[in-house]
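Written below as structure tokens is the structure these notes are about.
For the single chain, residues carry numbers from 1 onward in sequence order.
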Amino acid sequence: MNLHLLHTGPLAVNTYILPLSENEVLVIDPADCPFSQDEGSVISYLASKNLRPLAVLLTHGHFDHVSGLPFIKKSFPDIPVAIHKADSAMIGKDSKVQQGKSLSQMGFFEFLPFVSDLPGASAFLEDGKNLLEILGNCECSSEAKKSLEDWQVLHTPGHTEGSCCLYNEKDFTLISGDTLFYHSWGRTDLAGGSERKIHQSLAKIAEYCEEKTRVYPGHDHAGFTLEENF
């Protein structure tokens with residue numbers, strides 16, 4: 001698995017470009033925006049490599065993981081955006097209200113204009129489903145369809161109610177969003193967070209995924225194994 005990592009947005013989110021075929025990819029958690037003076041950086045990378053994004057996937061709805069949506073939708077108006085239903089109000093027409101709750105808690109209210117009136121979801125991540133089931137209507141190559149089928153959604157609430165991980169059992173790869181970090185896990189003190197639920201989710205990951213699985217979280221160090229953490 002040859003994931004490409006871009007650091008984007010005001011909190012240096014790990015944005016992943018996930019290859020599905022020679023030139024078809026998924027974009028995970030785009031956060032580039034004018035506030036961090038990196039708007040368009042994801043699109044620029046895709047253009048430089050002649051890559052075609054099939055969809056945008058959001059591991060959860062927090063402001064620092066979704067602020068790049070307008071720039072991708074501007075270049076690719078028909079691209080589907082997928083998020084868990086429990087976090088779906090954090091994008092779309094209600095994003096200003098929902099994002100304002102977390103931003104006010106963090107004392108970062110000046111970021112609100114960059115996550116107001118965001119593009120909405122057109123697909124939903126569901127626990128146990130693979131990405132082909134979720135994005136089956138997108139036009140793509142047979143190779144990309146096979147790759148989509150290898151990725152499974154794990155609903156891992158705790159950081160937010162709709163937090164999800166993406167797991168590829170064949171390639172021993174887990175994209176964990178802000179659920180699991182290197183020797184740590186996501187904060188639970190913001191709206192929708194739950195310390196009890198995140199520990200349940202961590203136990204689910206430990207039980208479900210192979211120890212040699214490499215983990216690619218939403219921030220900081222990426223590529224460590226589950227064995228190093230549990």
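- Without hydrogens or angle criteria, D32 side chain to E39 main chain gives no donor-acceptor distance under 3.5 Å.
- Between S184 and P217 the shortest side-chain heavy-atom distance does not fall below 4.5 Å.
- V13 is listed as a side-chain neighbour of H219, based on a closest heavy-atom distance under 4.5 Å.
- Note on L202 and L174: same hydrophobic cluster, where clusters join Ile, Leu, Val, Met, Phe, Trp and Tyr whose side-chain heavy atoms are under 4.5 Å apart, directly or indirectly.
- The structure places OG of S201 at 6.5 Å from NZ of K204, a figure rounded to the nearest 0.5 Å.
- Each of I28, T173, L148 was compared with L18 under the side-chain contact (heavy atoms from CB on, under 4.5 Å) criterion, and only I28 meets it.
- Under the 3.5 Å distance criterion, with hydrogens and angles disregarded, no donor-acceptor pair is assigned to the side chains of S41 and S44.
- Panel note: side chain N168, backbone D171; a donor-acceptor pair is recorded below 3.5 Å.
- With values rounded to the nearest 0.5 angstrom, W185 atom CH2 is found 13.5 Å from S176 atom OG.
- A single hydrophobic cluster is seen to contain both L103 and L11, as judged by linkage of ILVMFWY side chains at heavy-atom distances under 4.5 Å, directly or through other members.
- Here the side chains of H183 and N229 are in contact, with some heavy-atom distance below 4.5 Å.
- Using modelled atom types, one side-chain atom of S147 and one backbone atom of L20 make a donor-acceptor pair closer than 3.5 Å.
- In this structure, the side chains of F63 and M90 stay at 4.5 Å or more apart for every pair of heavy atoms.
- At distances below 3.5 Å, not a single donor-acceptor pair connects side-chain atoms of Y16 with backbone N or O atoms of L6.
- The closest side-chain donor-acceptor pair between Q105 and S102, if any, does not fall under 3.5 angstrom.
- Crowding of E110 atom CD: a count of heavy atoms from other residues, nucleotides or ligands under 6.0 Å exceeding 12.
- D38 and T8 share no side-chain donor-acceptor pair at under 3.5 Å.
- When the side chains of ILVMFWY residues are joined at heavy-atom separations under 4.5 Å, either directly or via intervening members, I134 and I175 end up in a single hydrophobic cluster.
- Clustering ILVMFWY residues whenever any of their side-chain heavy atoms sit less than 4.5 angstrom apart, transitively, puts Y167 in the very cluster that holds V215.
- Here the shortest heavy-atom pairing between L154 and C209 reads CD1-SG, 4.1 Å.
- When the ring-ring contact (aromatic ring centres under 6.0 Å, His included) test is applied to Y45, the partners found at least two apart in sequence or on another chain are H4.
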Test log, rule side chain to side chain contact (heavy atoms under 4.5 Å, CB included), inputs F181 and F224: CA-CA 9 Å; F181 298 123; F224 58 91; 5.5 Å; no
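- Looking at E133, its side chain does come within 3.5 Å of a backbone N or O of N130 through a donor-acceptor pair.
- In this structure, a donor-acceptor pair under 3.5 Å is present between the side chains of Q152 and Y208.
- V27 and P53 make their closest contact through CG2-CB, 4.0 Å (heavy atoms, listed as atom of the first residue, atom of the second, distance).
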Just distance, no hydrogens or angles: give the donor-acceptor pairs under 3.5 Å from side chains in residues 112-119, sequence neighbours left out.
{"unit_1": "S116", "atom_1": "OG", "unit_2": "L112", "atom_2": "O", "d": "2.8"}

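- Taking SG of C140 as the reference point, atom NZ of K146 lies at 13.5 Å (rounded to 0.5 Å).
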Expected list for residues 66-85: side-chain donor-acceptor pairs under 3.5 angstrom, two or more places apart:
{"unit_1": "S67", "atom_1": "OG", "unit_2": "A31", "atom_2": "O", "d": "2.7"}
{"unit_1": "K73", "atom_1": "NZ", "unit_2": "P77", "atom_2": "O", "d": "3.0"}
{"unit_1": "K73", "atom_1": "NZ", "unit_2": "I79", "atom_2": "O", "d": "2.9"}
{"unit_1": "H84", "atom_1": "ND1", "unit_2": "A86", "atom_2": "N", "d": "3.0"}

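- To the nearest 0.5 Å, atom CG of residue N23 and atom CG of residue L46 are 11.0 Å apart.
- Scanning both residues, S36 and G9, for their nearest heavy atoms gives OG-CA, 3.3 Å.
- Annotation for F124 and S88: closest pair CE2-CB, 3.8 Å, computed over non-hydrogen atoms.
- In this structure, R214 and F172 have side chains that are not in contact, with every pair of non-hydrogen atoms separated by 4.5 Å or more.
- Listed here is the closest heavy atom pair of K197 and E161: NZ-OE1, 2.9 Å.
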For S163 and T156: C-alpha separation, side-chain torsions, deciding distance, then whether side chain to side chain contact (heavy atoms under 4.5 Å, CB included) applies. CA-CA 5 Å; S163 287; T156 53; 4.3 Å; yes
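- Side-chain contact between T59 and C164 is absent, with no heavy-atom pair separated by less than 4.5 Å.
- A distance-only check finds a donor-acceptor pair linking the side chain of N14 to the backbone of D220 [under 3.5 Å].
- One distance of note links CH2 of W151 with CD of E169; it measures 12.0 Å at 0.5 Å rounding.
- Between L58 and D87, the closest side-chain pair of non-hydrogen atoms is not below 4.5 Å.
- A heavy-atom distance below 4.5 Å is found between the side chains of P30 and V56.
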Between H65 and D29, does a side chain to side chain donor-acceptor pair (under 3.5 Å) hold up when you go through it step by step? CA-CA 5 Å; H65 288 251; D29 291 351; 2.9 Å; yes
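- The shortest non-hydrogen separation linking T188 to E195 is OG1-OE1, 2.6 Å.
- Checking side-chain atoms of E24 against main-chain N and O of S141 turns up a donor-acceptor pair under 3.5 Å.
- Cluster annotation: V42 and I91 are assigned to the same hydrophobic cluster (Ile/Leu/Val/Met/Phe/Trp/Tyr, side-chain heavy-atom contacts under 4.5 Å, transitive).
- For an aromatic pair to be called close, the ring centres must be under 6.0 Å apart, and H159 with H62 satisfies this.
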Report the C-alpha separation of E228 and T225 in whole Å, then their side-chain angles, then the decisive distance to 0.1 Å, and conclude whether the side chain to side chain donor-acceptor pair (under 3.5 Å) test is met. CA-CA 5 Å; E228 293 176 64; T225 64; 3.2 Å; yes
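- Within the model, atoms CG of L135 and OG of S122 stand 8.5 Å from one another, a figure rounded to the nearest 0.5 Å.
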